[in-house]
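For reference, the structure is listed below as structure tokens.
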Amino acid sequence: MQRWSKLFIPTLREAPADAEVASHRFLVRSGYIRQLGAGIYSYLFLGQRSLNKIIGIVREEMDRIGQEFYLPALLPKEPWEQSGRWTGMGDNMFRLKDRKGADLCLGMTHEEIMTTIARGELRSYKQLPQIWYQIQSKFRDEPRPKSGLLRVRQFTMKDSYSFDIDKAGLDKSFDLHDAVYRRIFTRCGLKFVAVEADSGAMGGSQSQEFMVYTDAGEDLIASCPVCSYAANLEKATSLLEPVAEMEPTGDGKPELVSTPGCGAISDVAAFFKISPASDIKCVAYMALKRRTVGKPDTWHGVAAFLRGDHQVNETKLLGTVGAAELRTMQAEELERYFNGPAGFLGPVGLNPDAKPLEEGLTVVVDKSLDDRRNLVAGANKLDYHLRNVTPGRDFSWTLLAEIRSVNEGEGCPKDGCKGKLVVGKAVEVGHIFKLGYKYSESMGARVLDPNGKEVTPIMGSYGIGIERILTAAVEQSNDKNGFWLPASIAPFTVVVTITNMTDALLRETGEKLAAELEAAGLDVLLDDRDERAGVKFKDADLVGIPYRINVGKKAAEGKVELVTRATSTSVDVALSDVLALVKERVEEDALLLTVGE
RNA sequence: CGGGGCGUGGCGCAGCCUGGUAGCGCAUCUGCUUUGGGAGCAGAGGGUCGGAGGUUCGAAUCCUCUCGCCCCGACCA
């Protein structure tokens with residue numbers, strides 16, 4: 001049993017002024033964490049205790065399907081050069097040199113290291129499948145650490161890697177992780193949703209994120225309230241309402257119209273008395289093409305055309321053209337590629353490259369424009385637009401693809417579903433995806449198949465942000481007085497509050513009760529501080545412990561008070577019954593957090 | 001990297017514009033009282049005003065440089 005009077009639990013009445021999100025404020029106020037630098041935090045007693053419980057759950061569940069390793073965080077350059085990520089990771093990687101001048105980095109993820117081990121040791125299909133995992137610190141030089149523990153430069157990640165002989169094996173490893181992740185987040189009391197995600201620069205195919213809805217989150221999720229569809233906005237798609245077709249004017253061919261000062265979509269729509277959906281918007285980018293070893297990276301012009309009322313989704317555009325980075329074009333680049341100024345750019349008269357990111361201009365047209373006719377577009381000439389512009393007839397493109405972001409209220413893309421999508425903010429707590437052959441191929445991992453033929457194992461990669469589980473739990477369960485955690489991840493299950501330490505009866509009753517609870521297997525914190533009752537109540541409400549037993553005035557009648565933090569409700573209980581009641585409550589809670597075998 | 005803001009005792013802040021004894025609340029320590037929702041009274045300790053340089057008789061305050069932190073954007077397996 002732990003005694004509050006002997007512990008270091010530095011609670012604060014006020015939060016640091018720069019703490020914005022609830023989890024940051026409360027984790028600091030409750031003495032869970034202290035900041036050391038931008039995106040660098042120390043975990044104090046309560047914080048570490050809670051994180052240890054989370055890690056315990058993760059480990060227990062992961063042991064069902066995988067084997068735990070412990071890998072170095074200090075990594076030599078070579079494996080990263082072999083995979084192409086020494087340059088590919090860019091500035092997000094912490095790099096350093098040793099005394100001999102050799103390049104090292106701090107691990108931000110461990111695909112290369114696991115693959116190095118696999119390459120050196122795995123020889124036969126008989127050794128597959130393998131699932132290897134680790135729970136360790138990761139380092140990322142984030143451009144902007146923020147929101148307390150939500151985006152930091154050092155954090156704890158459970159990451160696992162699967163090696164399979166074929167795609168069917170990978171599917172199985174993926175599904176095993178999916179199931180185990182659902183168990184983990186459920187046991188941690190998170191209200192999560194699994195969404196389709198972009199696989200990003202990691203390469204690979206199927207990709208799924210586990211998200212917890214909260215306004216503190218940095219991701220946007222589109223989901224359907226009717227069916228099960230949910231996707232990260234980087235990936236989400238939707239059904240659009242048909243737009244009324246416009247009648248051609250004159251001979252129906254593109255016609256130059258003077259539109260002085262109409263540089264914005266809203267101006268153009270007003271000028272032509274049309275919906276912005278019938279205006280073609282152009283966003284011009286320079287895209288970075290990453291070359292393989294030895295060759296310099298190169299920038300290429302990309303013109304993105306879409307409906308005037310839509311927004312470019314840069315993640316989709318990156319994936320579509322196969323670029324590593326995007327930036328918007330400068331005025332002189334607009335002149336070079338379009339021979340026209342911003343605000344009046346259009347697709348007619350351009351000469352699109354046959355393949356993306358070649359010498360000329362890559363033209364990408366959003367699918368929503370494909371079947372439209374008689375639209376309005378910029379004329380690549382100051383103060384002029386064209387009308388009667390029909391895609392395919394009047395201009396061509398390098399690629400036709402979905403490059404727009406979906407908006408709330410658009411139709412659910414699932415067949416036959418009539419739902420309207422809603423968009424909400426969420427924080428990512430886990431991510432599983434199928435890597436494919438990217439690392440095993442580039443790093444030369446090979447095994448012999450049953451026919452004695454050399455084959456490349458196929459890989460998957462699966463991550464969980466340990467601190468983010470805590471953060472998300474705090475975000476989803478807090479009020480003005482503090483937060484509460486489920487017993488499974490709370491630093492203590494119950495705090496026994498002796499309301500007046502000067503009263504010998506209360507002291508003895510509290511001590512005895514705490515010892516009993518402890519003996520029954522509960523995680524007990526005894527608040528034996530020589531403080532006024534009010535102080536103890538305020539602290540108890542703050543620090544995330546789900547149950548509190550007040551030992552106070554009614555102790556003389558053999559009664560104590562059981563307070564449930566989540567509901568702020570209390571009941572008087574006979575001293576002899578309180579142990580059974582607390583156990584019952586905790587078991588009921590735990591039942592809600594179980595998943596079928 | 002672009003834009004904005006802030007660095008004054010452990011936390012939250014005032015003072016800076018208009019240069020002249022470094023202040024307030026909370027916290028801490030001691031004593032007495034108090035004891036069911038962050039107590040009262042009395043006393044005490046604690047600050048190179050982020051750092052460096054400059055202007056000045058004199059700088060927390062004005063100027064220059066620099067470091068750090070936060071927010072918005074960009075970015076983000």
Side-chain angles (χ1 to χ4, degrees), chain A residues 10-21 24-25 28-29 31 34-40 80 83 85 88-93 107-112 138-148 150-153 155 157 159-161 197-204 207 209 218-219 232 234 285 288 314-315 318 324-328 427-428 430-435 438-439 459-465 480-482 497-503 506-507 527 529-542 548 550-555 560-561 563 568 570 572:
Chain A
T11 59
L12 299 174
R13 193 182 296 217
E14 291 173 283
D18 51 27
E20 299 270 320
V21 301
H24 186 196
R25 286 199 309 273
V28 172
R29 280 192 58 201
R34 286 294 184 265
Q35 183 175 14
L36 188 61
I40 308 176
W80 297 88
S83 73
R85 289 207 296 182
M89 278 299 191
D91 293 334
N92 253 24
M93 180 185 264
M108 50 198 301
T109 174
H110 280 74
E111 280 81 5
E112 279 81 355
K138 304 282 163 166
F139 301 86
R140 292 184 192 179
D141 194 359
E142 291 288 344
R144 187 149 96 81
K146 57 182 283 201
S147 305
L150 271 182
R151 181 162 291 281
V152 290
R153 295 195 290 177
F155 59 99
M157 179 157 87
D159 50 330
S160 43
Y161 304 89
D198 180 64
S199 32
M202 294 290 300
S207 172
E209 289 169 336
E218 299 180 293
D219 284 285
N232 194 306
E234 295 176 345
Y285 292 96
L288 184 70
E314 295 190 0
T315 304
L318 276 174
E325 281 180 39
L326 289 177
R327 64 168 176 79
T328 48
V427 60
E428 177 186 353
H431 195 169
I432 59 179
F433 63 101
K434 298 179 180 174
L435 280 178
K438 180 175 161 112
Y439 299 91
M459 293 175 61
S461 166
Y462 318 87
I464 288 179
K480 66 183 193 328
N481 295 318
T497 303
I498 299 173
T499 57
N500 186 347
M501 287 298 288
T502 62
D503 186 325
L506 302 192
R507 278 203 314 269
D527 192 349
R529 292 175 298 167
D530 189 14
E531 288 285 355
R532 298 165 64 85
V535 173
K536 297 186 174 192
F537 295 160
K538 287 287 186 192
D539 273 345
D541 284 348
L542 179 61
R548 178 171 97 223
N550 291 332
V551 180
K553 291 170 189 161
K554 290 168 223 148
V560 292
E561 196 175 26
V563 183
S568 299
S570 66
D572 289 341

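The figures that follow rest on heavy atoms only: side chains count, while hydrogens, waters and symmetry mates do not. Since the structure is predicted, the reported quantities are computational estimates derived from the model, not experimental observations. Convention: sequence-line order gives letters A, B, ...; per-chain numbering from 1.
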With both distances kept under 3.5 Å, what pairs with [N], Watson-Crick or G-U wobble?
| N | answer |
| --- | --- |
| B:G53 | B:C63 |
| B:C26 | B:G10 |
| B:U34 | none |
| B:C16 | none |
| B:C75 | none |
| B:U48 | none |

Checklist entry - Nearest nucleotide by nearest heavy atom, which residue falls closer to the 5' end of RNA chain B, A:Phe537 or A:Phe155? => result A:Phe537
Next on the checklist: Please compare A:Pro16 and A:Gly534 by the position of their nearest nucleotide in RNA chain B and report the one closer to 5'.
Outcome noted: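 Taking each residue's closest nucleotide, the earlier one in sequence belongs to A:Pro16.
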Using the [atom1] atom as the point on both nucleotides, what is the distance between [M] and [N], in whole Å?
| N | M | atom1 | result |
| --- | --- | --- | --- |
| B:C71 | B:C13 | P | 14 Å |
| B:G15 | B:G50 | P | 15 Å |
| B:G4 | B:U61 | C1' | 23 Å |
| B:G9 | B:A14 | C1' | 14 Å |
| B:U21 | B:U64 | C1' | 29 Å |
| B:C67 | B:C49 | C1' | 16 Å |
| B:C6 | B:C11 | C1' | 16 Å |
| B:G46 | B:G10 | P | 12 Å |

Rounded distance [0.5 Å steps], [atom1] in [X] versus [atom2] in [Y]:
| X | Y | atom1 | atom2 | result |
| --- | --- | --- | --- | --- |
| A:Lys538 | A:Asn481 | NZ | CG | 5.0 Å |
| A:Tyr161 | A:Leu435 | OH | CG | 8.5 Å |
| A:Lys536 | A:Asn500 | NZ | CG | 8.0 Å |
| A:Arg153 | A:Ile40 | CZ | CD1 | 4.5 Å |
| A:Asn550 | A:Thr499 | CG | OG1 | 7.0 Å |

Provide, to the nearest angstrom, the distance between the [atom1] atom belonging to [X] and the [atom2] atom belonging to [N].
| X | N | atom1 | atom2 | result |
| --- | --- | --- | --- | --- |
| A:Glu14 | B:G9 | CD | P | 14 Å |
| A:Leu12 | B:U28 | CG | C1' | 13 Å |
| A:Asp541 | B:G37 | CG | C1' | 8 Å |
| A:Arg327 | B:G2 | CZ | C1' | 14 Å |
| A:Arg25 | B:C11 | CZ | C1' | 16 Å |
| A:Asp527 | B:G37 | CG | C1' | 13 Å |
| A:Lys553 | B:G37 | NZ | P | 8 Å |
| A:Glu218 | B:C76 | CD | C1' | 8 Å |

Item to check | Residue A:Glu561, side-chain atoms from C-beta onward, closest of B:G38, B:G36, B:C11 | outcome: B:G36
Item to check | Among B:G37, B:C76, B:G36, the one nearest A:Lys538 by side-chain distance | outcome: B:G37
Checklist outcome for this item: Across all chains, not counting sequence neighbours, the side-chain hydrogen bond (donor to acceptor under 3.5 Å, both in side chains) partners of A:Ser147 are none
Checklist entry - Can you list the residues that meet the salt bridge (Lys or Arg N to Asp or Glu O under 4.0 Å) rule with A:Lys554, with sequence neighbours excluded? => result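 With sequence neighbours excluded, A:Lys554 shows a salt bridge (Lys or Arg N to Asp or Glu O under 4.0 Å) to A:Asp572, given in chain and number order.
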Next on the checklist: Can you tell me whether the side chain of A:Asp539 and the base of B:G38 have a donor-acceptor pair closer than 3.5 Å?
Outcome noted: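 Yes, the side chain and the base share a sub-3.5 Å donor-acceptor pair.
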Item to check | Quiz item: A:Arg13 side-chain donor-acceptor pair to B:G37 base, under 3.5 Å | outcome: no
So [X], base contact, sugar-phosphate only, or nothing? Heavy-atom distance under 4.0 Å.
| X | answer |
| --- | --- |
| A:Arg29 | base |
| A:Arg548 | base |
| A:Asp159 | nothing |

Checklist entry - Which residues pass the side-chain contact (heavy atoms from CB on, under 4.5 Å) test with A:Arg34, sequence neighbours left out? => result A:Pro10, A:Leu12, A:Val28, A:Leu44
Next on the checklist: Among residues at least two apart in sequence or on other chains, which ones pass side-chain contact (heavy atoms from CB on, under 4.5 Å) with A:Thr11?
Outcome noted: A:Ile9, A:Asp539, A:Leu542, A:Val543
At a cut-off of 3.5 Å, list every protein nitrogen or oxygen paired with a nitrogen or oxygen from nucleotides 68-74 of chain B, distance to 0.1 Å.
| residue | atom | partner | partner atom | Å |
| --- | --- | --- | --- | --- |
| B:C69 | OP1 | A:Ala38 | N | 2.8 |
| B:C69 | O3' | A:Gln35 | NE2 | 3.3 |
| B:C69 | O2' | A:Asp18 | OD2 | 3.4 |
| B:C70 | OP1 | A:Gln35 | NE2 | 3.0 |
| B:C72 | OP2 | A:Arg144 | NH1 | 3.1 |
| B:C72 | OP2 | A:Arg144 | NH2 | 2.5 |

Checklist entry - Which is it for A:Lys138 and A:His110 under the side chain to side chain donor-acceptor pair (under 3.5 Å) test, yes or no, and what are the steps along the way? => result CA-CA 9 Å; A:Lys138 304 282 163 166; A:His110 280 74; 2.6 Å; yes
Checklist outcome for this item: Shortest non-hydrogen pair, A:Leu506 vs A:Ala555, comes out as CD2-CB, 3.5 Å
Checklist entry - Taking NZ, NE, NH1 and NH2 as the nitrogens, is one of them in A:Arg85 or A:Glu111 under 4.0 Å from a carboxylate oxygen of the other? => result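 Answer for the salt bridge query: yes.
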Checklist entry - Can you give one letter per nucleotide of nucleotides 30-35 of chain B, 5' to 3': B if a protein heavy atom sits under 4.0 Å from the base, S if only from the sugar-phosphate, - if neither? => result ----BB
